Amino acid sequence: MFRIGQEEIDAVARVINSKQLFRVNKGNQEADNFEKELREKIGVDYALLMSGGTGALIAALVGLGVGPGDEVIVPAYTFMASASAVLAVGAIPVLADIDESMTIDPASVEEKITDKTKVIIPVHICGFPANMDALKEIAAKHNLFILEDACQADGGSYKGKRLGSIGDAGAFSFNVFKIITAGEGGAVVTNNRKVYERALIYHDGGAAFRPYTGELQEPVFMGTQMRVSDITGAIMREQIKRLDGILTDLRAVKKKIMDALKDVARFIPSNDIEGDCGTTLGFNFDSEELARKFSAEVEGSWIPFDSGKHVYINWDPIIEKRGGHCDAVNPYMMAENALLNKEGANADACPKSLDILKRTVYVSLHCDWTEEQINERIDSCKKAFAKL
Ligand SMILES: *Cc1c(COP(=O)(O)O)cnc(C)c1O
């Protein structure tokens with residue numbers, strides 16, 4: 001969360017005063033309007049607001065027709081939800097290494113592809129755009145879908161296109177740790193009507209009985225409940241107005257610090273620094289020892305290996321193959337998955353990623369830092385580099 005205030009309070013009051021808290025009553029409500037604004041912002045034909053980013057990933061995979069018998073390639077460094085979403089639809093996650101950009105390494109992706117692979121999930125982690133050109137080339141060559149996990153990259157871009165609009169589908173999160181937020185929330189975006197309709201049906205267990213049911217081209221199947229109330233829609237309409245301002249200011253802070261440190265620092269390489277969200281500044285070191293020495297000197301800095309839940313070796317339910325609440329729905333136990341690569345998320349799957357995560361240092365940035373706060377970071381980084 002970066003900016004929130006009176007506008008969001010007024011928006012919530014508006015919904016409560018309207019007494020229309022359910023979003024699917026009559027159309028043209030807050031959530032519908034947010035979806036329209038999100039479509040325009042991201043540059044896609046379809047957008048679906050829902051209860052979270054994990055749900056958005058799951059609904060997008062359902063939209064793409066992924067299920068038992070399919071392998072999905074996921075980076076070893078991401079929030080666990082990128083991989084758990086794959087299990088939620090009955091498929092098997094196979095991990096690929098990251099490269100020094102901290103995003104999925106296209107060369108590693110190619111190594112993990114089998115004749116069972118159906119989707120690649122690049123994650124724009126910490127707002128760093130993944131190498132979409134290389135991934136699109138691989139996906140085209142092997143006839144795979146790309147689902148962008150843009151949960152940490154709301155509004156970011158790659159070569160002039162907004163993240164989430166480049167692959168076959170994209171997922172955003174609006175939980176409280178993300179760039180824009182309603183406390184919880186998420187969205188699927190796509191240009192593919194079938195993917196959108198299937199995600200819509202899946203996310204609304206009442207899809208058989210809605211005002212929109214008659215317009216569906218896809219047959220209604222049984223889904224679940226990932227809808228939001230119209231309060232979420234109202235908050236997100238205010239948040240999306242703030243999005244580009246937040247990104248502009250984050251990028252300006254990042255650029256100022258990078259310019260000041262360019263002679264002493266080795267920044268993590270970027271696949272597109274213009275499109276980078278600017279939430280996180282990263283430095284690369286030759287060894288873990290140097291990274292730890294540097295990090296100890298810089299207040300507010302941290303080593304991504306230490307973040308725990310984003311590092312695959314800590315994803316216990318996945319490592320231990322507890323992929324569902326009982327054996328019959330655990331993808332690791334399903335007959336359809338018997339011949340798949342079920343060892344693709346073992347603890348020893350991606351040692352190269354662990355090495356990179358240990359010798360990288362992050363500084364989290366804020367769009368509302370004063371000149372003085374920015375200079376403090378610059379000075380403290382300069383001193384820490386001088387001490388190495
Ligand atoms: C936050 C996050 C998610 C999940 O989002 P929720 O809204 O918490 O469900 C998925 N992937 C990544 C990379 C995330 O950071």
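The residues of the chain are indexed from 1 along the displayed sequence. What you see is a predicted model; the values in this text were computed from it and never measured. Whatever order the structure lists them in is the order used to number ligands and atoms, beginning at 1.
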Nearest to [atom], what protein heavy atom do you find, and at what distance?
atom                    : answer
atom 6 (P) of ligand 1  : G53 N, 3.4 Å
atom 11 (N) of ligand 1 : D149 OD2, 2.8 Å
atom 8 (O) of ligand 1  : N175 ND2, 2.9 Å
atom 4 (C) of ligand 1  : T54 OG1, 3.4 Å
atom 2 (C) of ligand 1  : K178 NZ, 2.6 Å

Find all atoms of ligand 1 within a distance of less than 4.0 Å from any non-hydrogen atom belonging to [X], and give their numbers and elements.
X    : answer
C151 : 2 (C), 3 (C), 10 (C), 11 (N), 12 (C), 14 (C)
V123 : 13 (C)
T78  : 13 (C)
G185 : 7 (O)

Can a donor-acceptor pair be found, under 3.5 Å and without considering hydrogens, that links the side chain of K194 to the backbone of L64?
no

Among D105, D99, D97, which one satisfies side-chain hydrogen bond (donor to acceptor under 3.5 Å, both in side chains) with K352?
D105

State yes or no: are the ring centers of F34 and F174 separated by less than 6.0 Å?
yes

What about the rings of F385 and F294, do their centers lie closer together than 6.0 Å?
yes

Can a side-chain donor-acceptor contact be found between Y362 and D306 if the only test is distance below 3.5 angstrom?
no

Quiz question: by atom type and distance under 3.5 Å, do the side chains of Q29 and D230 form a donor-acceptor pair?
yes

Applying the salt bridge (charged side-chain N to carboxylate O under 4.0 Å, His left out) test to E8, which of R237, R242, R3, K241 qualifies?
R242

